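Quick notes on the structure that follows.
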Amino acid sequence: MANIATTCRSATGDALTPTPPILPVLALLLVFQLAGEALSHAFALPVPGPVIGMLGLLLALIVRGWRKGAASAVPPALERATQALLGHLSLLFVPAGVGVTTHLALLAEEAVPIAAALLISTLAAIAVGGLLMASVGPGSRPEEDQDEEGRR
Amino acid sequence: MIDGLSDIWVYLARDPLFGLTLTVLAYLAADRVYRHLGMHPLANPVLWSVIALALVLHVTGISYERYFEGAQFIHVLLGPATVALAVPLYKAFGTLRQSWRGIALALPTSVVVASLGAVGLALVLGAAATTIASLAPKAVTTPIAMGIAEQIGGLPTLTAVFVILTGIVGGVLGPPLLSLLGVRDARARGIALGAAAHGIGTARAFNEGPETGAHASLAMGLAGLLTALLLPVVWPFVRALM
């Protein structure tokens with residue numbers, strides 16, 4: 001938490017640069033990923049290392065927001081730099097996606113189970129999610145909910 | 001002249017820079033077309049750049065391994081990008097405060113149906129164990145899905161393609177399906193699209209409006225987290241059924 005704050009302060013110190021401070025934030029993300037990988041291996045956790053890193057960063061942001069009393073404020077440097085990275089998230093899937101060329105035979109052989117599984121389970125998940133969410137009722141007195149949460 | 005050119009070609013095709021440059025160019029072109037077509041799910045830039053690159057590799061006879069020597073420099077950024085997903089997830093938390101009751105009910109159910117539903121169908125229809133493991137995390141955002149696939153014995157590259165196809169199915173058929181079922185509540189539509197069709201569903205949800213989009217973002221993040229925490233734990237039991 002402290003390290004996010006320092007990283008971002010030093011990064012935003014140079015107010016004239018319009019480009020996001022990608023390098024300090026990349027370092028921060030890599031440190032969280034590395035810590036996640038280390039934890040995953042050390043305790044033989046089944047969860048992927050980067051996901052543990054993501055959970056770590058999320059907790060750091062929650063603790064930071066809770067301490068500062070500004071629940072939704074993300075450090076601007078972190079926000080801008082991650083936006084720059086996530087803005088082209090799709091590009092990062094392409095190298096792995098091209099790997100499908102090495103499994104074309106398998107895809108052709110199992111086309112029917114794959115197509116059925118993808119199509120039916122996705123539509124069922126959307127239907128179930130939408131219907132259950134709608135069944136709880138719009139808002140169910142959202143004002144009160146917000147007060148409750150705000151007092152915590 | 002021709003000999004000179006083919007020498008240069010042989011040299012370039014071996015260079016890792018070739019795979020890297022080709023990947024960026026193919027994606028930029030596909031992304032431009034995607035934006036030009038109003039970001040329709042069928043014009044998904046990942047799908048079309050993968051198809052274009054696969055054709056180039058096929059025509060030139062360059063192996064995937066050689067291509068990946070260059071493309072890996074893009075691939076390694078998936079890890080930090082996964083960590084970075086904490087930022088949009090944190091920002092979407094405000095939404096959770098408003099609708100946590102519905103989300104607590106709808107989200108885990110949707111995650112289980114999307115994942116174990118696909119596993120069950122593939123199992124019944126006789127798919128191989130590797131295919132089933134690659135299908136299991138297909139409803140969550142690609143970087144998380146690939147990490148899960150690796151953990152449970154699937155093929156991450158296959159998972160990447162299944163994730164994209166899932167997003168296209170959800171993005172194209174999800175909104176009309178929800179309308180058909182009479183689900184008009186923006187929150188419900190957002191949760192359903194984000195939980196079952198990750199980023200592609202979320203992009204579609206933002207087309208419907210900011211409230212739908214915010215709920216979809218939250219659902220996508222939570223679904224990714226939940227699937228990553230649950231699937232590897234449940235997997236030994238699923239494997240016992242195969």
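In what follows, chains carry the letters A, B, and so on, assigned in the order in which the sequence lines appear, proteins first and then strands, with residues in each chain numbered from 1. Keep in mind that what you see is a predicted model, and the values were worked out from it rather than measured.
A donor-acceptor contact shorter than 3.5 Å links the side chain of B:S134 to the backbone of B:T130.
Interface residue A:Q33: backbone and side-chain heavy atoms are both found under 4.5 Å from chain B. Looking at A:L45, only its backbone comes within 4.5 Å of chain B, counting heavy atoms on both sides. In this structure, chain A has heavy atoms under 4.5 Å from both the backbone and the side chain of B:V87. Heavy atoms closer than 4.5 Å to chain A are found in both the backbone and the side chain of B:I74. Looking at B:A139, there are no atoms closer than 4.5 Å to chain A (heavy atoms on both sides), in backbone or side chain. With a 4.5 angstrom heavy-atom cutoff, A:V94 touches chain B via backbone and side-chain atoms both. Only the side chain of B:F68 has a heavy atom closer than 4.5 Å to any heavy atom of chain A. Looking at B:V183, only its side chain comes within 4.5 Å of chain A, counting heavy atoms on both sides. Residue B:L181 touches chain A through both its backbone and its side chain, counting heavy-atom pairs closer than 4.5 Å. Only the side chain of B:L177 comes within contact range of chain A, with heavy atoms under 4.5 Å apart. Heavy atoms of A:L91 lying under 4.5 Å from chain B belong to its backbone as well as its side chain. Heavy atoms of B:L116 lying under 4.5 Å from chain A are absent altogether. Proximity to chain A is absent for every atom of B:L20, based on heavy atoms less than 4.5 angstrom apart. Using a 4.5 Å cut-off between heavy atoms, A:L131 touches chain B through backbone and side chain atoms alike. Heavy-atom distances place both the backbone and the side chain of A:S90 under 4.5 Å from chain B. Both the backbone and the side chain of A:T122 have a heavy atom closer than 4.5 Å to some heavy atom of chain B. Looking at B:P143, the atoms closer than 4.5 Å to chain A (heavy atoms on both sides) sit in the backbone and in the side chain alike. Using a 4.5 Å cut-off between heavy atoms, B:A54 contacts chain A through both its backbone and its side chain. For a residue to count as touching a neighbouring chain, one of its non-hydrogen atoms must lie under 4.5 Å from one of that chain's; by this rule A:L86 touches chain B with the side chain only. Heavy atoms of B:L135 lying under 4.5 Å from chain A belong exclusively to its side chain. There is no contact between B:A26 and chain A, counting heavy-atom distances below 4.5 Å. Residue A:L34 does not touch chain B at all, counting heavy-atom pairs closer than 4.5 Å.
The residue among A:A124, A:P113, A:A115, A:G129 with the most heavy atom pairs within less than 4.5 Å of chain B is A:P113.
A donor and an acceptor atom, one from each side chain of B:R204 and B:T212, are nowhere located under 3.5 Å apart.
At a threshold of 4.5 Å between non-hydrogen side-chain atoms, the residues A:L57 and A:L29 count as touching.
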